[in-house]
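The structure under discussion appears below in the form of structure tokens.
Since we're looking at a predicted model, the values are computed, not measured.
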Amino acid sequence: MSKNNLNYSYMDFLSKVIVGIHEVSTITNIPVRKLRYWEEKGIIQAVDPTAKSRQFNLANIKKIILVQELLDDGYSLDGAARKVEDRIAKLDSLMSLIEI
DNA sequence: GTTCTCACA
DNA sequence: TGTGAGAA
């Protein structure tokens, strides 16, 4: 097992803290309508797609904030999404290697 | 309150 | 790429 307790808790935290779409919109300053559009495009995933209203976890909120910054810098939506996926994958990979 | 869908820029 | 609006 390469993950230590601290890193497991961090990933656990990111995936288990769930927030309603309206609160996500308020926090990120991104319209609900746009969040639903991104979900439709597969950039972000609702916790339970079959639920009556959408909820997102903190990992998704990180994505949302990063994607929006890249869009502001002129990236296409797909380009921004790829870059964010890449960064998160690399960071998570590094986190799993760190020994405290 | 939220979602869907269609139209539109 | 993102929004408006009506219906549900």
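Here the CZ atom belonging to R82(A) is positioned 6.0 Å from the OG atom belonging to S76(A), to the nearest 0.5 angstrom. Put simply, CD1 on I44(A) and CD1 on I64(A) are 4.0 Å apart, with the number rounded to the nearest 0.5 Å. Within the model, atoms CG of L91(A) and OG of S96(A) stand 11.0 Å from one another, a figure rounded to the nearest 0.5 Å.
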Enumerate, atom names and distances included, each donor-acceptor pair closer than 3.5 Å involving a side-chain atom of residues 23-32 of chain A, sequence neighbours excluded.
unit_1, atom_1, unit_2, atom_2, d
S25(A), OG, I30(A), O, 2.6
T26(A), OG1, H22(A), O, 3.0
T28(A), OG1, V24(A), O, 2.7
T28(A), OG1, I30(A), N, 3.4

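Evaluation of the side chain to side chain donor-acceptor pair (under 3.5 Å) test over residues 52-67 of chain A, restricted to residues two or more places apart or in two chains, returns Y10(A)-K62(A), E39(A)-R54(A), Q45(A)-K63(A), N57(A)-N60(A), K63(A)-E85(A).
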* For Q68(A) and K34(A), run side chain to side chain contact (heavy atoms under 4.5 Å, CB included): C-alpha distance rounded to whole Å, both residues' side-chain angles, the deciding distance at 0.1 Å, then the answer. => CA-CA 11 Å; Q68(A) 183 59 62; K34(A) 183 147 70 172; 3.4 Å; yes

* Residues K90(A), D86(A); criterion salt bridge (Lys or Arg N to Asp or Glu O under 4.0 Å); working and verdict -> CA-CA 6 Å; K90(A) 284 179 182 173; D86(A) 222 54; 3.6 Å; yes

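Residues meeting the salt bridge (Lys or Arg N to Asp or Glu O under 4.0 Å) test with D72(A), sequence neighbours left out: none. With sequence neighbours left out, S93(A) forms a side-chain hydrogen bond (donor to acceptor under 3.5 Å, both in side chains) with no residue at all. With sequence neighbours left out, D92(A) forms a side-chain hydrogen bond (donor to acceptor under 3.5 Å, both in side chains) with no residue at all. Residues meeting the side-chain contact (heavy atoms from CB on, under 4.5 Å) test with Y37(A), sequence neighbours left out: E40(A), K41(A), L77(A).
The outermost nucleotides of DNA chain B lying under 4.0 Å from heavy atoms of chain A, listed 5' to 3', are dT2(B) to dC6(B). Of all nucleotides in DNA chain C having an atom under 4.0 Å from a heavy atom of chain A, the first and last in 5' to 3' order are dT1(C) to dA5(C).
Within residues 28-48 of chain A, the residues having any heavy atom closer than 4.0 Å to DNA chain C are, in order of number, P31(A), R33(A), K34(A), Y37(A), W38(A). Within residues 59-86 of chain A, the residues having any heavy atom closer than 4.0 Å to DNA chain C are, in order of number, L71(A), L77(A), D78(A).
A pairwise comparison of heavy atoms in L58(A) and F13(A) identifies CD1-CE2, 3.5 Å as the closest pair.
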